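As the structure is a prediction and not an experimental result, all values here were calculated from the model. Order of listing sets the numbers, starting from 1, for every ligand and every atom in it.
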Amino acid sequence: MKMLKVLLQNLLKGPSTDPFPFGDTFTPKKLRARIRFDETACTGCRMCEHVCAGGAIRFQETPDGLKFTIWHNTCAFCGLCEHYCVPKAIKLTTDWHLSHKQEDKYAMTDIGTVALIRCIQCNKKIIPTSPQLNAVAYKGSNEMIEKLARMCPDCRRELSAKLLIKGVSV
Ligand code: SF4
Ligand code: SF4
């Protein structure tokens with residue numbers, strides 16, 4: 001009799017479990033999930049690739065620029081890449097919709113290319129310093145910072161030395 005009462009109560013109450021995948025579910029605010037890469041913020045330092053123990057990140061030099069590939073299938077969501085990325089070009093989102101069929105595992109990638117520009121001084125192909133990095137490094141920007149950002153390291157050093165001799169600060 002007691003059992004019947006419990007059954008009836010449960011029938012009236014409906015399911016207490018999460019309805020997913022047949023209905024909506026919740027996403028914790030601090031969940032670490034799918035990586036998002038911003039190629040306009042990346043400065044090609046490759047630190048994220050270096051710290052990724054899962055080998056989920058790969059950079060390749062191409063004629064157009066530095067090609068970034070994240071293989072979601074092997075990402076462990078540790079967050080180290082985001083932690084070490086100064087301009088925050090790589091971030092973990094709360095998007096956990098990453099389930100896939102076994103045969104699709106090699107297609108679980110996102111790709112981006114950090115475009116090359118020509119050094120405004122010597123015309124050599126370079127990866128420019130991103131505005132996001134300048135914002136962190138200089139807490140803002142000005143004409144000289146913008147100019148230095150479009151120079152190769154050698155030309156940047158040369159100009160910085162000249163400015164230093166003249167007593168001009170950036
Ligand atoms: S995503 Fe960040 S850490 Fe990775 S190469 Fe770009 S700037 Fe460096
Ligand atoms: S979250 Fe961790 S495992 Fe995933 S790409 Fe970043 S460093 Fe690699």
Side-chain angles (χ1 to χ4, degrees), residues 18 20-21 25-160 170:
D18 200 298
F20 188 81
T25 187
F26 76 103
T27 302
K29 277 187 188 147
K30 291 191 178 172
L31 186 78
R32 295 197 301 244
R34 190 185 194 113
I35 297 279
R36 193 185 63 221
F37 175 67
D38 180 357
E39 59 197 16
T40 64
C42 176
T43 53
C45 68
R46 299 178 77 157
M47 181 55 89
C48 51
E49 183 184 38
H50 178 69
V51 297
C52 179
I57 296 171
R58 189 172 172 211
F59 280 97
Q60 290 164 286
E61 287 178 22
T62 73
D64 297 329
L66 201 55
K67 185 179 165 197
F68 166 94
T69 307
I70 168 83
W71 186 29
H72 297 295
N73 194 272
T74 197
C75 172
F77 311 116
C78 67
L80 277 182
C81 52
E82 178 180 322
H83 178 77
Y84 283 102
C85 180
V86 177
K88 294 294 169 229
I90 194 163
K91 280 185 184 161
L92 277 83
T93 68
T94 53
D95 178 8
W96 45 267
H97 299 86
L98 284 164
S99 61
H100 55 275
K101 291 182 190 160
Q102 178 69 1
E103 66 248 39
D104 294 335
K105 70 175 181 180
Y106 294 116
M108 289 300 294
T109 56
D110 272 319
I111 290 168
T113 300
V114 188
L116 299 176
I117 63 160
R118 296 261 178 198
C119 169
I120 54 168
Q121 196 77 22
C122 69
N123 214 29
K124 197 160 82 184
K125 279 188 174 179
I126 56 156
I127 294 172
T129 308
S130 70
Q132 290 86 341
L133 183 63
N134 284 340
V136 177
Y138 299 104
K139 309 267 180 259
S141 193
N142 60 37
E143 211 178 308
M144 187 54 76
I145 290 169
E146 301 292 324
K147 191 175 173 181
L148 287 164
R150 287 178 284 119
M151 283 180 163
C152 72
D154 287 340
C155 293
R156 208 182 299 156
R157 264 193 296 272
E158 195 182 317
L159 179 62
S160 301
V170 177

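For E39 and T113, the side-chain atoms include no donor-acceptor pair closer than 3.5 Å.
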Could you walk me through whether K125 and R118 pass the side chain to side chain contact (heavy atoms under 4.5 Å, CB included) test, one step at a time?
CA-CA 5 Å; K125 279 188 174 179; R118 296 261 178 198; 3.5 Å; yes
Begin from the C-alpha positions of F26 and L31 and carry the test side chain to side chain contact (heavy atoms under 4.5 Å, CB included) through to its verdict.
CA-CA 11 Å; F26 76 103; L31 186 78; over 6 Å; no
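Summary of contacts: the protein heavy atom closest to atom 1 (S) of ligand 2 is G79 N, 3.2 Å. The protein heavy atom nearest to atom 6 (Fe) of ligand 2 is C81 SG, 2.3 Å. Here the protein heavy atom with the shortest distance to atom 8 (Fe) of ligand 2 is C52 SG, 2.3 Å.
Counting only protein N, O or S atoms, the number found under 2.8 Å from atom 6 (Fe) of ligand 1 is 1.
The contact set between ligand 2 and F77, taken as ligand atoms under 4.0 Å from a residue heavy atom, comprises 1 (S), 4 (Fe). For ligand 1 and F59, the ligand atoms under 4.0 Å from any heavy atom of the residue are 5 (S).
The ring-ring contact (aromatic ring centres under 6.0 Å, His included) contacts involving residues 92-128 comprise F20-W96, W71-Y106, where partners must be two or more places apart or lie in separate chains.
Ranked by closest heavy atom to atom 2 (Fe) of ligand 2, the top entry among G54, A76, C78, A56 is C78.
By the 4.0 Å heavy-atom criterion, C75 is counted among the residues contacting ligand 2.
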